[in-house]
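Numbered from 1 within each chain, the chains take letters A, B, ... in sequence-line order.
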2 protein chains.
Amino acid sequence: MTKVKPPQNLRSGEQALDAIDARILSVLDKDARLPMSELARLVGLSAPSVAERVRRLVSDGVIRAFTVDVDSRALGYQIRAMVRIRPLPGKLHLVEKLIQDTPQFIECDKVTGDDPFLARLVVHSIEEMDDVLEALSDHAVTSTAVIKGASVKRRIPPL
Amino acid sequence: MTKVKPPQNLRSGEQALDAIDARILSVLDKDARLPMSELARLVGLSAPSVAERVRRLVSDGVIRAFTVDVDSRALGYQIRAMVRIRPLPGKLHLVEKLIQDTPQFIECDKVTGDDPFLARLVVHSIEEMDDVLEALSDHAVTSTAVIKGASVKRRIPPL
DNA sequence: GTTGAAAATAGCACGAA
DNA sequence: TTCGTGCTATTTTCAAC
C-alpha cells in the first residue's frame, strides 16, 4: 500500500488561494495599514483588484481581523509566562471564568491532556505574578514557565 | 512592614498612556484599518491629533506592528496544538533550528522549566502532525496538547 | 482585471488653548 | 505641549469597459 500525501483540506465552498493572495497575506502580515495602492504595486495588480481580493479574503474568513501587535513590555509588563492550569475536581468552569476575568491572562487555550488550560500571562513584577496565581490556588494547580524569548515570532501558516 | 503595590514599571523615558491612548489601542485592536478620521470620531478628538498619537505609539514601541489575524482553519489547517519540546542533551540548538525551519510551527517561545520550547503547531491532518513530530523524534521529546478551543482570545493587556 | 473620475481620507503648516 | 482648522496630495471607491 502506497502512502500518499493527503490533499489540502479545504473547508466546503472554499477556493485555494492563488499566489497573489498568498503575497497579499504575506505583505499585510508585515504591515496591515499599507495603502491598497502600494499593496497593489507590490503584488503587481491594480488597486481595485487588490482591494477586491482583500475584501474577499475577509468575507471568506481567511483574514479574521486587522489588528495591532502591542508590545506588552512597552506597557510595563516586563514578565511574560505560559501557565498550565489544572482545575480541581468540579471546578473547571469556575476556573475558566477566573481566567477570563483576570486581564493579565491575555490568551488562553483549552487543550487536551492533564492540564485543560494553557494561558499566556503578562505581569509587571514577580509580586503581581504571585497575586494572580495565588488567586487561582484554591481552585486549580498551576505550572508556570517564564518566557525567556521567542524562537519563532508569530507568523502565518505556510500558504 | 506594610505591603504596597509596586508602581507600574515603565521603561526609561516613557510616559504612561492616558485614557485616550488606551481607547485608541482598544479600537485599533479590533480594527487596525479604521480611517484616522473615524478613529478620531470614536475617541473624541480631531483626525490630526489621533494620527499624531498613533505615530507616537508606534515610535514608542507600544504598537509593534499593524498586522492581520489570519484564521489557520480557513486555510485548511484544521488541527492546532501546543507542543512542549525537550531537546536531548546537546541538541538544543539543532532542535531550535528544526522548529524554525518547520513552517507549521507558527510560534515558539523559549521558556524556563523542563521543556525549553513551547510551540504552536498547525496542521491539516493527524498524519501531517505525525510527520512534523516524527521529524523531531530523533532529537527531542515532545508533549502535544491538541487545542480544543479558546477560553480567552488574544487580547491586549490591561491599560 | 483595468482604467479614469468623484468622494473620502491623510498629511502638513499654522494658529489657539 | 497638545489640539484644532484649512489646505493640498494621496487614496479609496465606483462606474464603464
* B/R41 has an atom CZ; how far is it from atom P of C/dT9, in whole Å? -> 10 Å

* Note: B/D60-B/R53 ion pair, threshold 4.0 Å (strictly below) -> no

* Asked: What heavy-atom pair brings B/F105 and B/A119 nearest, and what distance separates the two atoms?
  -> CD2-CB, 3.5 Å

* Asked: Among C/dG11, C/dG1, D/dT13, which nucleotide sits nearest the side chain of A/A51?
  -> D/dT13

* Distance in angstrom units between A/D18 CG and C/dG1 C1', rounded -> 13 Å

* Asked: Between A/T67 and B/D69, do the side chains contain an N or O donor and an N or O acceptor separated by less than 3.5 Å?
  -> no

* **Residue-phosphate contact under 4.0 Å: B/R53 side-chain N/O, D/dT2 OP1/OP2** => no

* To do: Could you please name the option among C/dC12, C/dT3, C/dT9 that lies closest to any side-chain atom of B/P48?
  => C/dC12

* Asked: What nucleotide, of D/dG4, D/dT12, C/dG11, holds the atom closest to the side chain of B/L45?
  -> D/dG4

* **B/R56 CZ to D/dC3 C1', straight-line distance once rounded to whole Å** => 13 Å

* To do: Report yes if a side-chain nitrogen or oxygen of A/R55 is closer than 4.0 Å to either non-bridging phosphate oxygen (OP1 or OP2) of D/dT13; otherwise report no.
  => yes

* Structure fact -> Separation of D/dC14 atom C1' from A/M36 atom CE, nearest Å, is 16 Å

* Per B/S46 side chain, nearest of listed nucleotides D/dT5, C/dG11, D/dT13 -> D/dT5

* **First of A/P35 and B/I20 reached from the 5' end of DNA chain D, by closest nucleotide** => B/I20

* Nearest heavy atoms of B/A145 and A/T112, plus distance in Å -> CB-O, 3.3 Å

* Could you give the CG-to-P distance, from B/D31 to C/dT9, as a whole number of Å? -> 13 Å

* Measure from the side chain of B/S49, starting at C-beta and using heavy atoms only, and say which of D/dT12, D/dT13, D/dG4 lies closest. => D/dG4

* Separation of atom CD in B/E38 from atom P in C/dA8, rounded to whole Å -> 13 Å

* To do: Would you classify A/S37 as touching base, sugar-phosphate or nothing, given that sugar-phosphate means primed atoms plus P, OP1 and OP2, and contacts are heavy atoms under 4.0 Å?
  => sugar-phosphate

* Taking C-beta and beyond as the side chain, do B/I79 and B/V122 meet within less than 4.5 Å on heavy atoms? -> no

* Asked: Atom CZ of A/R33 and atom C1' of C/dT9: how far apart are they, to the nearest Å?
  -> 11 Å

* Asked: To the nearest Å, how far apart are A/E52 CD and C/dG1 P?
  -> 9 Å

